[in-house]
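Structure, as structure tokens:
Since this is a predicted model, take the numbers as computed values, not measurements.
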Amino acid sequence: PDPRQATSTERFVPLPDLILPGPELARESDPASVAAAARMLELARKAADPAVAQFGFADLCLQDVLDRDPANAEARKLQGYQPHEGGWATPYALQQIRQGKTFHSRYGWVPESWVEHLERGELPGTSFQGDRPNQWLPAQEADALRASFRDRPWTITTEHFQIRTNVPLDEAIEFGRHLEILHDLFFRLLGDALPRDRNPIARRLVPGITNPPTRRHEVWYFASHQEYLDYFRETFGRDESVSLGYYMPPDEAKTFRTSPRSYFYRDPDNPIDATATLFHEASHQLLFENAGSTRYDRNRGHYWVWEALGTYFETARFQPDGTLSIGGLVGPRIAEARRRLVDRGEFVPIEKLTAMSQPAFRDAQAIYLHYAEAMALATFLMNGDQAAYRDGFRDYVRDAYDGKLRGQGGLGQYLNLDETEIGRRFLKYLSQSDPGSTP
């Protein structure tokens, strides 16, 4: 069995911190499902062998095992869970429990003493003794005290992110959940392009990997577009009126004597685009803050790949059942790519696109074409033809990050195809409404 789908859309199931005993764990799988799960578990073991090092694929196989056999203890342990009171918990969840916290469906991990107040619609005031608020207020009043981003915003700490925001607390918690889902999705898809000690899936599956020092990723989330614009103008002297969000990487942040972080603003009128922007910019952040020092500026050309990866993550969509789909020929950039590359014949040859420097890629006369083609090409390389090109593309990403790429060509070497053939297969893929599995 192979859990990858024949179309270009991939399913991702976010994993909860805590899995309590219940009907799902008690569900008895039929013998055929158990047998298929056993075969998939063996495939996961083989993919996780350090000599093979297909850790993202191993993680995908484990997801398939648990879809078929939810009580499979070995798969749960390989996904990082530990037994807890008849169910399962992640190490992070166990840490919260040891600190006297409990999981609240709306507000996440909170001290147990908070629950009765939260259930009455109350939130903490602005002063605390330890984790005990000195005052509890109706939620609307408490949120109003946090309305100034500069003075007393909410600070939300999740497993991998530190969020500063002045949006209502329940919205901030949901925002943090989306970031954590993106974190897991990012490493499922791109973790194999990173050093093993910086890939949490590899650290989970391979004994003995030493964890590098880690810090939470900083994210600032403004309640309004105007606050976002004012902050950039007053702090950095720049106009961000055309941006939907922004990630400031370490090298740029140093010039302003600030920390690398992502910046977003609340857009209640356009939640789909807001989520796409979140996934775009935060995926940049996860790459540049987890992959170690970059030398990408030593490349000659190959700028396209950074925007390609960001726009690829824009294709992620939450589904009614709580899962995500990613990839596929969806979204306005893909529609623009099909219209211009296929219908109007404006396709930029692969060797030319990959050779572009940042100024050439962002040329005002062609920037929208370049972005549309880059997104569509990344979708093809990640998901097209049953992910046949993904491994080679990730190796290309790794070497681009390390500054090892020189001028025209390059991508074809990683795919064992010349650029003309890549272009032919790509355009055929883009021409289909439901891309199949053969070129």
Side-chain angles (χ1 to χ4, degrees), residues 1-50 52-94 96-97 103 105 159 177 180-189 191-192 199-207 316-328 383 386-387 390 434 436-437:
D2 189 328
R4 291 174 294 203
Q5 300 174 5
T7 68
S8 62
T9 302
E10 188 163 333
R11 176 173 173 264
F12 177 76
V13 181
L15 296 176
D17 288 339
L18 196 61
I19 301 173
L20 299 175
E24 180 64 10
L25 288 181
R27 172 168 64 88
E28 291 190 11
S29 299
D30 61 83
S33 293
V34 172
R39 294 194 299 272
M40 193 64 65
L41 183 59
E42 181 59 27
L43 187 59
R45 292 193 197 101
K46 291 178 179 178
D49 187 302
V52 178
Q54 296 289 321
F55 302 114
F57 182 66
D59 195 53
L60 178 61
C61 292
L62 293 173
Q63 172 183 297
D64 190 88
V65 172
L66 294 173
D67 283 346
R68 300 170 188 270
D69 183 13
N72 192 297
E74 183 176 354
R76 292 284 179 199
K77 291 176 182 178
L78 288 172
Q79 282 200 321
Y81 285 103
Q82 298 177 29
H84 175 71
E85 296 183 353
W88 299 92
T90 65
Y92 178 73
L94 292 174
Q96 301 304 299
I97 293 168
F103 188 80
S105 60
E159 183 174 4
R177 286 175 177 160
E180 286 295 335
I181 290 170
L182 171 64
H183 177 277
D184 293 347
L185 174 65
F186 175 88
F187 284 101
R188 159 78 66 80
L189 295 174
D192 288 340
N199 180 355
I201 299 176
R203 294 202 302 264
R204 194 176 74 223
L205 295 174
V206 180
R317 291 290 186 272
F318 285 95
Q319 304 302 309
D321 63 358
T323 64
L324 268 77
S325 65
I326 188 167
N383 296 99
Q386 295 192 49
R390 183 180 297 183
D434 183 17
S437 60

### Message
Among residues at least two apart in sequence or on other chains, which ones pass side-chain contact (heavy atoms from CB on, under 4.5 Å) with Asp17?
### Response
Thr90, Tyr92, Ala93, Trp109
### Task
Output the distance between atom CZ (Arg27) and atom CG (Asp69), rounded to the nearest 0.5 Å.
8.0 Å
### Query
How about Tyr81 and Pro16: do any of their side-chain heavy atoms sit closer than 4.5 Å?
yes
### Task
May I ask you to test the Phe57-Leu43 pair for a side-chain heavy-atom distance under 4.5 Å?
yes
### Query
Is the backbone of Thr9 close enough, under 3.5 Å, to the side chain of Ser325 for a donor and an acceptor to pair up by distance?
no
### Query
Residues two or more places apart in sequence or in another chain: which of them pass salt bridge (charged side-chain N to carboxylate O under 4.0 Å, His left out) with Arg45?
Glu42, Glu74
### Task
Compare all side-chain heavy atoms of Arg11 with those of Gln319 and state whether any distance is below 4.5 angstrom.
no
### Task
Find out whether Glu28 and Val34 are in side-chain contact, i.e. whether some heavy atom of one side chain is under 4.5 Å from a heavy atom of the other.
no
### Query
Quick one: salt bridge (charged side-chain N to carboxylate O under 4.0 Å, His left out) partners of Arg204, sequence neighbours excluded?
Asp59
### Query
Hey, are the side chains of Pro200 and His183 touching, using non-hydrogen atoms and a 4.5 Å cut-off?
yes
### Task
Using modelled atom types only, decide if a donor and an acceptor are shared between the side chain of Asp192 and the backbone of Phe55 within a distance under 3.5 Å.
yes
### Message
On a heavy-atom basis, which atom in Leu25 and which in Pro70 lie closest, and how many Å separate them?
### Response
CD2-O, 3.6 Å
### Query
So which heavy atom on Asn383 is nearest to which on Gly327, and how close?
OD1-CA, 3.7 Å
### Task
With sequence neighbours left out, write down each residue that passes salt bridge (charged side-chain N to carboxylate O under 4.0 Å, His left out) with Asp49, or none if nothing qualifies.
none
### Message
Would you say that Ile181 contacts Phe318 through its side chain, given a criterion of any heavy-atom pair below 4.5 Å between the two side chains?
### Response
yes
### Query
Given side chains that start at C-beta, do those of Leu94 and His84 come closer than 4.5 Å, heavy atoms only?
yes
## Note on the structure
Taken in chain and number order and not counting sequence neighbours, the residues that satisfy salt bridge (charged side-chain N to carboxylate O under 4.0 Å, His left out) with Arg76 are none
### Query
With Pro21, which residues qualify under side-chain contact (heavy atoms from CB on, under 4.5 Å), at least two apart?
none
